[in-house]
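Scroll down for the structure; my scribbles are underneath it.
The chains referred to below are lettered A, B, ... by the order of the sequence lines, with proteins before strands, and numbering in each begins at 1. Side chains are part of it too, since the values below use all heavy atoms of this structure and drop only hydrogens, waters and symmetry mates. Treat the numbers as computed from the prediction; the structure is a model and nothing was measured.
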2 protein chains.
Amino acid sequence: MTAAVVRRKPVSRANTPEGACAPIACKDCGIYHLCLTVGGEVDLSQLDLLVKNRRTYKRGELLYRIGEPYRAAFAIRLGSVKTSVLTDDGRVQVTGFHIPGEVLGLNAIIDDRYNCEARALETTSVCEVPFERYEELALQLPGLQRQMLRIMSQEIVHNQEMMLLLGKKKAEERLATFFVNLSRRLERHGRPALEFKLSMSRSDIGNYLGLAEETVCRVITRFEEKALISTERRLVRLGQMDRLQALARGSAVLE
Amino acid sequence: MTAAVVRRKPVSRANTPEGACAPIACKDCGIYHLCLTVGGEVDLSQLDLLVKNRRTYKRGELLYRIGEPYRAAFAIRLGSVKTSVLTDDGRVQVTGFHIPGEVLGLNAIIDDRYNCEARALETTSVCEVPFERYEELALQLPGLQRQMLRIMSQEIVHNQEMMLLLGKKKAEERLATFFVNLSRRLERHGRPALEFKLSMSRSDIGNYLGLAEETVCRVITRFEEKALISTERRLVRLGQMDRLQALARGSAVLE
DNA sequence: CGTATCCTTGATGCCTCTCAAGACGGGTGG
DNA sequence: CCACCCGTCTTGAGAGGCATCAAGGATACG
């Protein structure tokens with residue numbers, strides 16, 4: 001199974017129909033990316049060492065904890081994961097939500113310890129990518145390094161955007177930004193971008209956005225009153241993306 | 001000059017007396033680190049291509065802007081720099097302050113464009129590190145890649161801590177965290193850690209911490225009343241580090 | 001069908017922002 | 001060398017956005 005995936009030929013970067021987007025071969029699946037860049041350059045059998053285990057985590061299970069010795073990076077095939085950091089007195093800050101096709105845990109490669117914790121939001125299937133031989137492999141596969149840098153670079157950009165959001169935006173702008181970004185990422189991974197089911201609770205969203213759970217509810221209600229979105233529990237339909245985007249940018253207010 | 005620096009032999013990581021800590025050779029200077037890891041492995045003359053220009057920026061001058069094509073990374077020799085990101089409607093979020101011995105602009109290597117802007121807070125001398133030949137060099141210098149990953153990894157950790165601060169901490173905890181962290185970094189670079197001069201304004205600090213300038217002033221005043229610190233304009237003396245640290249952790253309150 | 005979890009809405013209070021004004025200090029030009 | 005000026009810092013008063021506390025309703029799961 002692993003070998004089959006790894007030896008898959010690089011394909012064009014054109015849009016893939018959703019049906020053809022099997023989790024591990026998805027054009028924007030992290031693992032695929034990691035493999036794509038090295039394909040054809042070296043003996044691909046080496047890559048069997050990279051993608052080893054598949055595993056499923058149940059809702060609430062930890063993929064890794066802060067400070068835990070590095071085991072592997074994780075490419076999500078199905079489900080979703082939240083990552084968070086902690087204060088010494090127990091407060092939690094959710095730092096990100098991760099959907100199929102995304103990779104997490106990469107920056108622990110250098111530190112040898114995870115610097116945040118990751119918890120499955122629902123039943124989640126991942127590829128674990130043990131990188132114990134990372135240093136040697138990197139010597140042979142220059143493209144691998146580039147991919148690593150790219151993924152970490154993206155994370156830095158995301159974190160900077162979050163700092164901007166947490167430091168400068170109002171509640172409505174934060175929620176609008178959240179929906180717009182989630183929508184964009186779903187689209188990038190070939191999934192419906194205007195109607196989807198949230199895998200995280202209002203409480204998680206609030207924690208992520210630096211808001212109280214109740215504030216999240218109230219803002220969502222306001223959005224519904226203005227027909228920006230409609231919701232039913234965790235099912236969300238984005239009605240007016242343009243106005244949402246304007247709100248997210250701060251270039252409009254919800255009059 | 002450049003060659004001399006580059007060909008410098010690796011030295012022990014023991015503490016260096018402050019006097020011996022010339023900016024570019026400082027044990028924790030970013031450039032030194034970049035060079036250290038590659039020293040002795042390859043033809044060092046290659047490294048002349050890495051560290052090319054020295055340049056001085058005046059207070060308020062931009063090192064680079066958001067979206068500008070990648071020119072170089074910057075190792076600060078003397079002075080200080082702030083980095084910030086912008087909302088579309090012009091709001092600014094300061095994402096970091098950088099002191100001598102630290103490197104910035106690295107993650108633009110992959111994107112080919114800077115993802116934040118950097119501005120000198122005072123007269124600042126930097127080494128510009130043009131990485132146009134980065135990809136080739138990385139092939140020959142595996143240690144270089146590792147250093148890049150380490151620096152980016154540190155930035156991710158810092159950003160995560162900032163998200164925690166911006167999302168969950170109160171004004172007093174934020175200021176305490178700011179002073180403790182700055183002190184730690186100054187110490188790491190062999191400078192006085194309990195008495196120093198801030199290069200940034202109250203307004204910059206407030207922006208960085210997600211607070212209004214006035215709130216920064218008021219909290220500092222409160223700290224002085226409790227004898228945690230003493231200040232005179234931008235000169236700061238940390239009087240009770242233990243209590244500051246307790247505040248920063250959230251495991252104490254300013255009664 | 002009961003129970004736990006999640007979501008929603010209301011009332012109240014507080015932390016921090018905003019607006020305002022004055023003090024202080026450093027730099028500059030006469 | 002002094003006086004002026006402007007940026008920065010400080011403190012006060014008031015307002016507001018969001019957190020907190022509280023309670024009821026909806027949904028999923030065993």
Side-chain angles (χ1 to χ4, degrees), chain A residues 58-60 80 82 91-94 119-123 165-178 197-225 229-236 247 250 253-255, chain B residues 58-60 80 82 91-94 119-123 165-178 197-225 229-236 247 250 253-255:
Chain A
K58 284 201 283 283
R59 167 196 168 86
S80 52
K82 70 172 173 183
R91 276 171 288 182
V92 179
Q93 171 71 39
V94 173
R119 192 181 296 269
L121 286 166
E122 57 195 316
T123 301
L165 179 147
L166 293 168
K168 296 287 171 297
K169 292 188 180 180
K170 293 194 184 306
E172 287 174 356
E173 296 170 334
R174 298 188 192 195
L175 257 299
T177 303
F178 172 72
K197 188 171 164 300
L198 299 172
S199 58
M200 68 295 280
S201 68
R202 303 287 195 265
S203 171
D204 281 333
I205 296 173
N207 187 305
Y208 177 58
L209 298 177
L211 299 171
E213 178 181 0
E214 297 92 325
T215 304
V216 173
C217 281
R218 278 184 255 267
V219 172
I220 287 179
T221 301
R222 246 177 287 163
F223 282 0
E224 292 198 86
E225 287 167 0
I229 68 175
S230 61
T231 68
E232 192 188 327
R233 291 294 270 193
R234 295 194 175 182
L235 189 68
V236 179
L247 258 182
V253 283
L254 202 57
E255 86 286 349
Chain B
K58 284 203 283 283
R59 167 196 167 86
S80 50
K82 70 172 172 182
R91 277 171 287 182
V92 179
Q93 170 72 40
V94 173
R119 191 181 295 270
L121 285 165
E122 57 195 316
T123 301
L165 179 146
L166 293 169
K168 296 287 173 294
K169 293 188 178 179
K170 295 197 182 306
E172 287 174 355
E173 297 170 334
R174 297 187 193 194
L175 257 301
T177 303
F178 172 72
K197 188 171 164 301
L198 299 172
S199 59
M200 68 294 282
S201 67
R202 304 286 195 264
S203 171
D204 281 333
I205 297 174
N207 187 305
Y208 176 57
L209 298 177
L211 300 170
E213 178 181 0
E214 296 93 327
T215 304
V216 173
C217 281
R218 279 185 254 267
V219 171
I220 287 179
T221 301
R222 247 176 285 162
F223 281 0
E224 292 197 86
E225 287 168 0
I229 71 176
S230 61
T231 69
E232 191 188 330
R233 295 291 273 191
R234 295 193 175 182
L235 189 68
V236 179
L247 257 183
V253 283
L254 203 56
E255 86 291 341

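- Remark: the backbone N or O of B:Gly60 is paired with a side-chain donor or acceptor of B:Arg119 at under 3.5 angstrom.
- Judged purely by atom type and a 3.5 angstrom limit, A:Asp204 has no side-chain atom pairing as donor or acceptor with the backbone of A:Val94.
- When rounded to the nearest whole Å, the span between CG of B:Leu175 and P of C:dC15 equals 16 Å.
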Contacts table for residues 214-222 of chain B: side-chain donor-acceptor under 3.5 angstrom, sequence neighbours left out:
{"residue": "B:Thr221", "atom": "OG1", "partner": "B:Cys217", "partner atom": "O", "Å": "2.9"}
{"residue": "B:Arg222", "atom": "NH1", "partner": "B:Glu172", "partner atom": "OE2", "Å": "2.5"}

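- Between the A:Arg174 side chain and the A:Leu211 main chain, no donor and acceptor come within less than 3.5 Å of each other.
- The phosphate of C:dC6 (OP1 or OP2) has no side-chain N or O of A:Ser203 nearer than 4.0 angstrom.
- A sub-4.0 Å separation between OP1 or OP2 of C:dC6 and a side-chain N or O of A:Ser201 is absent.
- Put simply, chain B comes within 4.0 Å of DNA chain D, heavy atom to any atom, from D:dG7 to D:dA13, going 5' to 3'.
- For the pair B:Lys169 NZ and C:dT16 C1', the interatomic distance rounds to 18 Å; values are reported in whole Å.
- In this structure, the CG atom of B:Leu211 is 14 Å from the P atom of C:dC15, given to the nearest Å.
- Per the geometry, CZ belonging to A:Phe223 stands 18 Å off C1' belonging to C:dT9, to the nearest Å.
- Residues that satisfy the ring-ring contact (aromatic ring centres under 6.0 Å, His included) test with A:Tyr208, not counting sequence neighbours, are A:Phe97.
- Residue A:Gly210 is classed as a sugar-phosphate contact, given heavy-atom separations below 4.0 Å to backbone atoms only.
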- Going through the checks in order, is the salt bridge (Lys or Arg N to Asp or Glu O under 4.0 Å) test met by A:Glu122 and A:Lys197? CA-CA 12 Å; A:Glu122 57 195 316; A:Lys197 188 171 164 300; 5.5 Å; no
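- Looking at B:Lys169, its side chain never comes within 3.5 Å of a backbone N or O of B:Leu175 through a donor-acceptor pair.
- Regarding B:Arg222, its CZ atom lies at a distance of 10 Å from the C1' atom of C:dT16, rounded to whole Å.
- Using a 4.0 Å heavy-atom cutoff across all strands shown, A:Ile220 reaches no nucleic acid atom at all.
- Here A:Ala212 lies in heavy-atom contact (under 4.0 Å) with a base.
- Evaluation of atom-type donor-acceptor distances gives a pair under 3.5 Å for the side chain of B:Arg218 against the base of C:dT18.
- For B:Glu214 and C:dC19, a side-chain-to-base donor-acceptor distance below 3.5 Å is present, hydrogens and geometry of angles not being considered.
- Comparing A:Glu213 and B:Arg59 by the nucleotide of DNA chain D whose heavy atom lies nearest to each, the residue mapping closer to the 5' end is B:Arg59.
- Note on B:Arg233: a base of the nucleic acid sits closer than 4.0 angstrom, heavy atoms only.
- Checking C:dC7, C:dT16, C:dT9 against the side-chain heavy atoms of B:Lys170 singles out C:dT16 as nearest.
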